[in-house]
Colleague: 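Sharing a structure here in structure tokens format.
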There are 2 protein chains.
Amino acid sequence: MRRAVTVLPGAGSRSGRESGYEMDVRSTRSPAMTDVAKLAGVSHQTVSRVLNDHPNVREQTRLRVRAAIAELGYRPNRAARALVTGRSQLIGIVAQNSTLYGPASLLAAFEQAAAEAGFAVSVGSVGRLDRESIAGAVERHLDQRVAGLVVIAPVASADDALEDMPAGVPLVTIDGDPARPHALVTVDQAAGARLATERLLRAGHRTVWHVSGPADWYDAAGRIEGWRASLEAAGAEVPPLVPGDWSAASGYDAGQMLARMPEVTAVFAANDHQALGLLRAFSERGRRVPDDVSVIGFDDVPEAAFLIPPLTTVRPAFDAVAHAGLDLLLGQITGENEGPERVVIAPTLVERASVANISA
Amino acid sequence: MRRAVTVLPGAGSRSGRESGYEMDVRSTRSPAMTDVAKLAGVSHQTVSRVLNDHPNVREQTRLRVRAAIAELGYRPNRAARALVTGRSQLIGIVAQNSTLYGPASLLAAFEQAAAEAGFAVSVGSVGRLDRESIAGAVERHLDQRVAGLVVIAPVASADDALEDMPAGVPLVTIDGDPARPHALVTVDQAAGARLATERLLRAGHRTVWHVSGPADWYDAAGRIEGWRASLEAAGAEVPPLVPGDWSAASGYDAGQMLARMPEVTAVFAANDHQALGLLRAFSERGRRVPDDVSVIGFDDVPEAAFLIPPLTTVRPAFDAVAHAGLDLLLGQITGENEGPERVVIAPTLVERASVANISA
DNA sequence: CGATGCATTGTTAGCGATAACAAGATCGGC
DNA sequence: GCCGATCTTGTTATCGCTAACAATGCATCG
């Protein structure tokens, strides 16, 4: 790119235009606001005003400044801005260091939504969801002077860690405890569970068994609650709960048990991985899905459509959660909505082939 | 912590010590370096020296400053430091917005390693790995004045986007093209493939079939290469390649085909999801694993141990990749190692129950 | 036609840290 | 006990930006 230029030694070449040729040479430093100002023939403050969309700038000036910005390839120094405003354009997100499908998709959706709003996302993943781990990750983010914080807090211990958060930091929790005093976005777990349970009852099943997630997770608790409520509302018997831990292994174990009971014709698994374990166990024990047993999962993981049979499941709309969470957070950051707010996202049922009518 | 202290109203309490009681009251502003300096009875520069471990500070002073830091709960303002040094303590990471197990674990491992080194990680996930998406994510990070950049670039188009990167920004690519001129960390895909292929040959199989990943991924190409090399080295016939796309669905399709060929007794799948699809297809068509067909996967996803049968697979040691990548990057940031370096991580074979000797 | 007001622009003063230099304290060697 | 070298500390300038205020121009109004 840079052409070879013969420069005569001695006077002349470096003198005179401080801004022109010189600028190109020491291209190591990226242009600052004053460079733009000089080129556009205005003060740096006017450049700042253009950048921040202040109303009182003449259209003509605005255009000239924008042209100068484009010509120099200027980009504002976020550190300087953060220093003077006390706020960065960074959003911190604390999530469990896991490859669970839910958290992973949530993180991705969040990053995307934040990028659209001009924010960057700093992740602080934690190994475990205990109080110390969460507190540590929060500290690290506060260190970075994040503009706001999103914490995925699916268990009580995570919420606990948030109690002694310094006030004034915008905070949104995802999947947290609705009883806590911060802004919150959750998936309506109970509604999702009702969707699944009612679908199975509608297919003619006398009752529906449930392989649940770990009881200390709010998600799991909500799904249990919705499942039980549906059964009771329909006057169906509530069978004993089969506890699991989100893993395929626990679903398989549950399936090994359920497959031995002829009366079990419909199972609602608290997530798709457990459902996968169920499917395998049933197939091993010769119970055909959906002919003998109907199964519904939760999450709609990418593989769900390719299982045998394709899995009917509840889809939690992670991107809606992410967008809602970000909106809440941005509202707090800009100071528009003060009080904590709650957003509840309604899941939908994705019908595939793992449910059959009992009459068939 | 803070003991209840009776403060007499009137004179005395507020006067004199500008730093003591007053500080606690206007706790809205977090303490700055000058506050610490005042409390410790030194200049702010000395505080800075203590913070940055400069050699020429008297031990006694150092202790006094540290005590003041602790008492005030002072934490340095990263923005101010970034402004004056021109470098943030932020590392950007560009990865595909996906829930593929590999990238997701890599991200998590990276964040952890970076946190240990005192860096925060800003993620820029992209929907697709094309040139524009990558370039956009890189831009956003440069905007944030990241200290360094890690790009997971498993396909050529991702590398392409890095060509017109401004020089001087520390950059490490993961899974990229070794022919490119930047620092690089890769898993030795070929070695992993050899591990798998040789294991199957050693079990007495005449040859090994391969269900590959998408051909434009370097990972997939490396695994194909290793597989082919092993067969040729052993003088075994090289069967036609069965192409896949990482998904369980493609593994299932491949399995439907392979199950019809009696001569197929050993299959190496390019990842565990494809292996999962294979297992299902084989089970559907009555070919028992491992009695009739042996299968090996790649990635060691959490479910691998719980499949039926538990899957023998190649484990790429994502945390080693992350650590190596971070070391390389930190080396560039501190200016220790200039030239591009390559680190190749050797994978290991995790033996489970999906491989059997052909003699049995 | 001078005063008043608003729109537009410029000037100055920080934000909180590090870097460069200056200055006082301390020390060894003669 | 004096001198220069070294250790330790303080002072000042600066990074690039925004906030607050000042200053200009121009239209509006009594």
Side-chain angles (χ1 to χ4, degrees), chain A residues 23 26 28-66 68-69 72-90 118 142-145 147 334-335, chain B residues 19 23 26 28-66 68-69 72-90 118 142-145 147 334:
Chain A
M23 283 295 301
R26 55 175 144 112
T28 46
R29 191 176 64 86
S30 59
M33 202 173 257
T34 52
D35 299 317
V36 176
K38 212 175 289 178
L39 182 61
V42 297
S43 75
H44 70 271
Q45 182 60 286
T46 299
V47 177
S48 169
R49 282 192 264 257
V50 170
L51 248 50
N52 293 290
D53 288 325
H54 274 246
N56 294 338
V57 179
R58 202 158 34 138
E59 193 55 28
Q60 183 190 335
T61 313
R62 190 184 302 275
L63 291 175
R64 224 170 42 217
V65 170
R66 281 206 206 288
I69 288 174
L72 292 180
Y74 165 79
R75 37 188 52 210
N77 184 321
R78 307 265 185 155
R81 177 180 293 177
L83 178 57
V84 67
T85 61
R87 284 269 131 104
S88 64
Q89 290 286 100
L90 239 197
L142 260 29
D143 240 41
Q144 294 278 335
R145 297 286 200 281
T334 60
Chain B
S19 54
M23 281 299 301
R26 55 174 142 115
T28 46
R29 190 176 64 85
S30 60
M33 203 173 256
T34 52
D35 300 317
V36 176
K38 214 174 288 179
L39 181 61
V42 296
S43 75
H44 70 273
Q45 181 60 281
T46 299
V47 177
S48 169
R49 280 192 264 259
V50 170
L51 248 50
N52 293 288
D53 287 325
H54 274 247
N56 294 337
V57 178
R58 203 159 34 139
E59 192 54 28
Q60 183 190 335
T61 313
R62 190 185 303 276
L63 291 176
R64 223 172 40 217
V65 170
R66 283 206 206 289
I69 289 175
L72 292 180
Y74 164 79
R75 36 188 51 212
N77 185 321
R78 306 266 185 156
R81 177 180 290 177
L83 178 57
V84 67
T85 62
R87 283 267 130 105
S88 64
Q89 290 285 99
L90 239 197
L142 260 29
D143 240 41
Q144 293 277 336
R145 296 285 199 282
T334 59

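Since the structure is predicted, the reported quantities are computational estimates derived from the model, not experimental observations. Lettering of chains follows the sequences in order, A, B, ..., and the numbering in each one begins at 1.
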Colleague: Nearest 0.5 Å, what's the NZ-NE2 distance between A/K38 and A/H44?
Modeller: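 Result: 12.5 Å between the selected atoms.
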Colleague: B/L90 versus A/L90: any side-chain heavy-atom pair under 4.5 Å?
Modeller: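 SC-SC contact between B/L90 and A/L90 confirmed.
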Colleague: Where does the chain B footprint on DNA chain C start and end, counting 5' to 3' with a 4.0 Å heavy-atom cut-off?
Modeller: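 Contacts span C/dG16 to C/dA20, reading 5' to 3'.
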Colleague: Could you give the distance from CD (A/Q144) to OG (A/S88), rounded to the nearest 0.5 Å?
Modeller: 8.0 Å
Colleague: Over all heavy atoms of both residues, which pair between A/A37 and A/S43 is shortest? Give the atoms and the distance, please.
Modeller: CB-C, 3.6 Å
Colleague: Through what angle, rounded to 10 degrees, does the axis of the helix from C/dC1-D/dG30 to C/dC30-D/dG1 turn between its ends, using five pairs per end?
Modeller: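 Axis-to-axis angle, ends of the helix: 50°.
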Colleague: Looking for any heavy atom pair under 4.0 Å, which part of the strands does A/N77 touch: base, sugar-phosphate only, or nothing?
Modeller: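 Since only primed, P, OP1 and OP2 atoms lie under 4.0 Å of A/N77, the category is sugar-phosphate.
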Colleague: How many angstroms lie between atom CZ of A/R64 and atom CD of A/Q60, to the nearest 0.5 angstrom?
Modeller: 6.0 Å
Colleague: Between which nucleotides of DNA chain D, 5' to 3', does chain B make heavy-atom contacts below 4.0 Å?
Modeller: D/dT8 to D/dG16
Colleague: Can you pull out the residues from residues 43-52 of chain A that lie within a 4.0 Å heavy-atom distance of DNA chain D?
Modeller: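 DNA chain D contact set from residues 43-52 of chain A: A/H44, A/Q45, A/S48, A/N52.
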Colleague: For B/T85 and B/R58, find the nucleotide of DNA chain D closest to each by heavy atoms; which residue's nucleotide sits nearer the 5' end?
Modeller: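 Nearest nucleotide further toward 5': that of B/R58.
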Colleague: Name the atoms and distances for all side-chain donor-acceptor pairs under 3.5 Å in residues 72-87 of chain A, with sequence neighbours left out.
Modeller:
| from | atom 1 | to | atom 2 | distance (Å) |
| --- | --- | --- | --- | --- |
| A/R75 | NH1 | B/E139 | O | 3.2 |
| A/R75 | NH1 | B/D143 | OD1 | 2.8 |
| A/R75 | NH2 | B/E139 | OE1 | 2.7 |
| A/N77 | OD1 | A/A79 | N | 2.8 |
| A/N77 | OD1 | A/A80 | N | 3.1 |
| A/R78 | NH2 | B/D143 | OD2 | 2.7 |
| A/T85 | OG1 | A/R81 | O | 2.8 |
| A/T85 | OG1 | A/R87 | N | 3.2 |
| A/T85 | OG1 | A/R87 | O | 3.1 |

Colleague: Who pairs with B/D53 by side chain to side chain contact (heavy atoms under 4.5 Å, CB included), at least two apart in sequence or on another chain?
Modeller: B/R62, B/R66
Colleague: With heavy-atom distances below 4.5 Å as the criterion, would you say the side chains of B/M33 and B/L51 are in contact?
Modeller: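 They are in contact (side-chain heavy atoms under 4.5 Å apart), so the answer is yes.
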